[in-house]
Protein chains: 2
Amino acid sequence: MGRLRLDVNPAPATTPADADAGAHPDAGEEAAGPDGEGTLRRRSATIQDVADEAGVSRAAVSKVIRDAYGVSPEMRQRVEAVIARLDYRPRVAARAMRGSSFTLGLEIPQIGNDFHSVMAAGATDFLAETPYQLVIAPIRDPQEGDKAIQSLADRQVDGIVAVAPLVSSDWLDRLAERIPVVMVGRHDISTRYDTVAGDDEAGAEEVMEHLIELGHRHIAFLDIDRRRGQGGRSKTFISPTGRDPHAIRRRVYHEHMGALGLPPRVVNGAGHMEEDAAAAVRPLLDDDESRPTAIFAGHDTLAVGALRAIAAAGLDAHDVSVAGFDDIPIASHPMISLTSVDQQGYAIGQEAIRLLLERMGGRTEAVRLQMPTTLRVRGSTAPPRRR
Amino acid sequence: MGRLRLDVNPAPATTPADADAGAHPDAGEEAAGPDGEGTLRRRSATIQDVADEAGVSRAAVSKVIRDAYGVSPEMRQRVEAVIARLDYRPRVAARAMRGSSFTLGLEIPQIGNDFHSVMAAGATDFLAETPYQLVIAPIRDPQEGDKAIQSLADRQVDGIVAVAPLVSSDWLDRLAERIPVVMVGRHDISTRYDTVAGDDEAGAEEVMEHLIELGHRHIAFLDIDRRRGQGGRSKTFISPTGRDPHAIRRRVYHEHMGALGLPPRVVNGAGHMEEDAAAAVRPLLDDDESRPTAIFAGHDTLAVGALRAIAAAGLDAHDVSVAGFDDIPIASHPMISLTSVDQQGYAIGQEAIRLLLERMGGRTEAVRLQMPTTLRVRGSTAPPRRR
DNA sequence: ATGAAAGCGCTAACAA
DNA sequence: TTGTTAGCGCTTTCAT
C-alpha cells in the first residue's frame with residue numbers, strides 16, 4: 001500500500017503552442033475553439049493576452065489588477081471586461097518572483113490533533129477579509145517540523161506560523177532573517193521571531209493543585225514520546241532548554257510531586273496519537289495496588305486515549321482520574337467530560353496571524369505573547385475511592 | 001476580535017542590496033558577515049550565486065539539483081559542496097514558471113472535521129517518499145470550496161484533490177482542462193477528472209436496515225444545512241443532481257421510511273459543527289411523545305453532537321439511538337461508542353493521491369473509484385424502550 | 001495617464 | 001560534458 005509506480009515525474013507542462021504570432025488563446029471561452037476537445041491541457045490566459053485583447057500595455061493591466069494608482073476609469077473598465085471574458089487569473093508564482101505570493105504558511109505537527117485544528121480555524125478566520133491565503137503543511141512525524149517549515153519557505157510564502165517545539169532556535173533565527181516567522185507554543189526568547197504560547201506553567205500548576213486537593217497522591221504523568229523518529233536529523237533535537245510546553249508541564253508535575261515527597265511516575269505516550277496513549281496506559285491499570293489514582297496527560301488527545309483504556313478496563317474517575325491540557329472540543333462532551341486546561345487555542349491562532357501580519361508590515365522588535373489559562377473541571381477528575 | 005490594522009500590505013521585499021558587483025551573499029554562514037545584525041532581511045543565495053562560487057554555469061547547477069543527465073562526478077561534488085555551504089534552496093516559484101511546483105493541493109471543506117483529517121493523513125502518508133509536498137487550503141464556509149480550489153490553482157500546484165460536493169461539475173471540468181483534478185466524495189461522471197467516494201448508498205442502507213431491525217420506527221434524519229452561506233455565489237449551488245453524499249444518504253433514508261409507510265422527519269443540522277447539531281437536536285427531545293427513538297446523522301460530527309444533546313438531557317441509546325457516517329476515530333471510544341459507517345477515509349486519501357499522480361503521469365481517461373463500506377455497530381444504537 | 005523595457009530565479013533547447 | 005541563451009508571467013522604474 002502506498003507504493004506508487006515511479007512514473008511520478010509530471011508530464012512536461014509545455015504545450016505544443018509555438019505559434020507566437022499573436023495567437024490569443026481565448027481561454028475560458030465556452031466555445032471550445034478550433035482545438036478539438038481532446039485531452040491536451042489548454043494554456044490559460046496571461047497578462048499579455050489581456051493586454052493585447054484590451055489594446056493596452058501589460059503595465060496597464062497590472063495596475064488594474066493591483067488597484068494601483070494611475071488608471072483612467074475607462075481603461076479600468078475595458079480591462080476588467082476582458083479579464084472577465086478571458087477568465088484571466090494572475091499566476092501567483094510569477095508574482096512571487098517580483099514580490100509577494102500573498103500566501104501564508106502554517107505548519108502543524110500533527111494533522112488530526114484537535115488542538116491544532118482549532119488553532120488553524122482561528123488563523124483561517126482571522127485571514128478572512130485579507131488578501132492572504134493560508135496553506136497548511138501537514139507532517140507525518142512531529143520530528144519533521146523543520147522539513148515542512150523549510151518547504152513552506154521554499155514556496156515563497158510571505159510569512160510562516162509554525163508549531164515546532166523541537167526545532168532549534170538558532171535554525172529558526174536564521175530562517176527568520178529571510179522571512180517573517182511566528183512560533184506557537186515556544187517560550188524561548190528570540191529577537192528575530194515572535195512567539196505565542198499558553199501559560200503552560202500556570203496551567204500545569206492548576207492541574208496538580210486540583211488533583212492534590214481532590215486527595216490524589218498516586219499521580220502519573222502521561223508524556224509524549226520524544227524518542228520516536230530517532231534518526232539523527234541535524235536541525236531537530238530534544239529540547240535541551242526544557243522550555244517546550246511538554247517539558248514545562250512535566251517539570252511542574254515533578255515539582256509538585258517532589259514538594260509532597262511523592263514518587264513521580266512518568267509514562268511515555270509512545271507517540272502523539274490517542275491509540276498510542278491508550279496502549280501506554282493499559283499496563284498501568286492491571287495491578288490494583290500499584291495503579292495510579294490519577295493521570296495528568298500532556299495533552300488532551302493523550303488524555304482521551306487514557307480514558308479509552310480506563311473505560312475499557314471497566315474503571316471510572318473514582319478509580320483513575322484523568323486531566324488533560326488544551327480543552328479540545330470533545331473534552332466538554334458530556335460522555336467524555338474531561339477535566340482540562342483551556343489555553344484558548346482559537347485565540348492563539350488568531351494572535352499568531354495578527355503578529356505575523358504586523359511583522360510583515362514592518363515591525364522589527366520581537367513580541368512574546370502568553371495566553372492565560374483556565375482549568376475546566378469536569379467529571380473525569382474525582383476524589384479517589386478509599387481502598 | 002479579529003479586526004486587523006490595515007497595515008496589511010507586506011513591506012516590499014526588495015532589499016537595499018544594489019551592489020551587484022559580484023557580491024556573494026554568503027547566505028547561511030554562521031559568521032554574520034559585515035552586515036550588522038540589524039533587522040534588514042537578508043537575500044538568500046540563488047542558482048547564480050552557486051554557479052559563480054563554484055565557477056560553473058547556472059545550467060550545470062540546475063542539472064545537479066535536478067539530478068539530470070550529463071554532469072561529471074567532480075563537478076557534481078564541487079557544486080554540491082557550494083550548495084551546502086551557501087545553504088542554497090531552489091525557489092519553487094521560479095521553478096513553477098518553467099514547469100512544475102512539486103506541490104499538490106488538497107482542499108477540505110472544514111478544518112476540524114475528523115473524517116477530513118483522516119483523509120488528509122492518508123494523502124500525506126502516501127506522498128511520503130515522493131518529491132511532492134502537500135498543502136492544505138482550509139476554508140471557513142463549506143460553500144467557499146470553489147474559492148479555495150481556485151486559489152490552489154492560482155498557486156500553480158501540480159494537481160488538486162478536493163472535497164467539494166457543491167461545486168458545479170461544469171466548473172470542475174473547465175478547471176480540469178488546465179490541471180489534474182481528483183474529487184473526493186462525488187459520484188458524478190466526468191471525463192476530465194477522477195473521483196473517489198465511499199459507497200454512500202450501501203452505507204446508508206446498512207444503517208437504515210440496522211435501525212429498523214432493532215425495532216425503531218420513529219427515525220429522524222439529521223442533515224447538514226445547505227441554506228447557510230446563502231449569498232448568490234456564482235459557481236456554487238445546491239447540488240441539483242442529488243448525487244452528493246448527503247443527498248444520497250437522505251434519499252436512502254426517505255426510501256426506507258417510505259417503504260415502511262413511516263413519516264420521514266428531516267432535521268437541519270444548521271451547519272457542519274458538532275455544536276450546531278446538538279442545538280438542532282435539543283428541541284426534538286423535549287416532548288416524550290413526539291421524540292424520535294433513533295437518529296440517523298449525516299456524518300459523525302453531527303452524530304457526536306446529537307449524542308451531546310441526548311446525554312445532556314439524561315437520555316441514553318434506549319431512549320434515542322444514534323448512528324453516524326464515516327467512523328471517525330472517536331466513534332470507537334468506549335465512552336462514545338457510536339454506531340457508524342466505515343468508508344475508509346484513510347484509504348480514500350491514499351487513493352485520491354494515487355489517482356492524481358497517475359493523471360499527472362499522463363493518464364487521460366477518467367477513473368471512478370468507489371470504496372466499500374462497513375457498518376460498525378456499537379452501543380449508541382439499541383432497541384427502543386417500550387413505552 | 002500610459003507604455004517600453006528590464007529583470008525576478010529558474011529550466012531547457014541548443015551550441016560548443 | 002559543459003556553457004549560452006531564450007524565455008516563463010509578472011511588477012516596476014522610467015520615459016513619454
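By convention in this document, chain letters (A, B, ...) are assigned in the order of the sequence lines, proteins followed by strands, and residues within each chain are numbered from 1.
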Notebook entry, point to check: Do you know the tightest heavy-atom contact between B/Val182 and B/Ala352?
Noted result: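 Closest approach of B/Val182 to B/Ala352: CG2-O, 3.8 Å.
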Check: Do you know the tightest heavy-atom contact between B/Arg359 and B/Glu365?
Finding: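 Minimum heavy-atom contact is NH2-O, 3.6 Å.
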From [atom1] of [X] over to [atom2] of [N], roughly how many Å is that when rounded to an integer?
X       : N      : atom1 : atom2 : result
B/Arg98 : C/dC10 : CZ    : P     : 13 Å
A/Arg95 : D/dC8  : CZ    : P     : 19 Å
A/Tyr69 : D/dT13 : OH    : P     : 16 Å
B/Gln77 : D/dT2  : CD    : C1'   : 18 Å
A/Gln48 : D/dG9  : CD    : P     : 10 Å
B/Glu74 : D/dT2  : CD    : C1'   : 12 Å
A/Met97 : D/dT12 : CE    : P     : 14 Å
B/Lys63 : C/dA13 : NZ    : P     : 12 Å

Next item on the list: Evaluate the salt bridge (charged side-chain N to carboxylate O under 4.0 Å, His left out) criterion for residues B/Arg78 and B/Glu74: first the C-alpha distance (whole Å), next the side-chain angles of each, then the deciding distance (0.1 Å), finally the verdict.
Entry: CA-CA 6 Å; B/Arg78 200 145 44 98; B/Glu74 308 83 60; over 6 Å; no
Check: Does the salt bridge (charged side-chain N to carboxylate O under 4.0 Å, His left out) test come out yes or no for B/Arg76 and B/Asp67, once each step is laid out?
Finding: CA-CA 9 Å; B/Arg76 138 149 298 149; B/Asp67 234 342; 3.2 Å; yes
Checklist line | Residue met sooner reading DNA chain C from 5', once A/Arg58 and A/Arg76 are mapped to nucleotides | finding: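 Result: A/Arg76.
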Margin query: Mind checking if B/Ala60 touches a base, just sugar-phosphate, or nothing, with heavy atoms under 4.0 Å?
Written below: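 Answer is sugar-phosphate: B/Ala60 comes under 4.0 Å of backbone atoms only.
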Next item on the list: Quick one: label A/Ser62 by what it contacts on the DNA or RNA (base, sugar-phosphate, nothing), any heavy atom closer than 4.0 Å.
Entry: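 A/Ser62: base contact, heavy atoms under 4.0 Å.
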Check: Quick one: is D/dG3 close enough that its OP1 or OP2 comes under 4.0 Å of any side-chain N or O from B/Ser57?
Finding: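 For B/Ser57, the contact criterion (side-chain N or O under 4.0 Å from OP1 or OP2 of D/dG3) is met.
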Notebook entry, point to check: So does B/Thr46 get a side-chain nitrogen or oxygen closer than 4.0 Å to the phosphate oxygens (OP1/OP2) of C/dC8?
Noted result: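 For C/dC8, neither OP1 nor OP2 has a side-chain N or O of B/Thr46 closer than 4.0 Å.
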Check: Among C/dT11, D/dT12, D/dT4, which nucleotide sits nearest the side chain of B/Ile47?
Finding: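 The answer is C/dT11.
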Check: Between C/dG9, D/dG9, D/dT12, which nucleotide gets closest to the side-chain atoms of A/Ala94?
Finding: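 Closest nucleotide among those given: D/dG9.
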Item checked: Contact nearer the 5' end of DNA chain D, comparing A/Tyr88 with B/Met75 ->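 Counting from the 5' end, the first nearest nucleotide belongs to B/Met75.
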Next item on the list: Considering only NZ, NE, NH1 and NH2 on the basic side and carboxylate oxygens on the acidic side, decide whether B/Arg363 and B/Asp194 come within less than 4.0 Å.
Entry: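 So B/Arg363 pairs with B/Asp194 through a salt bridge.
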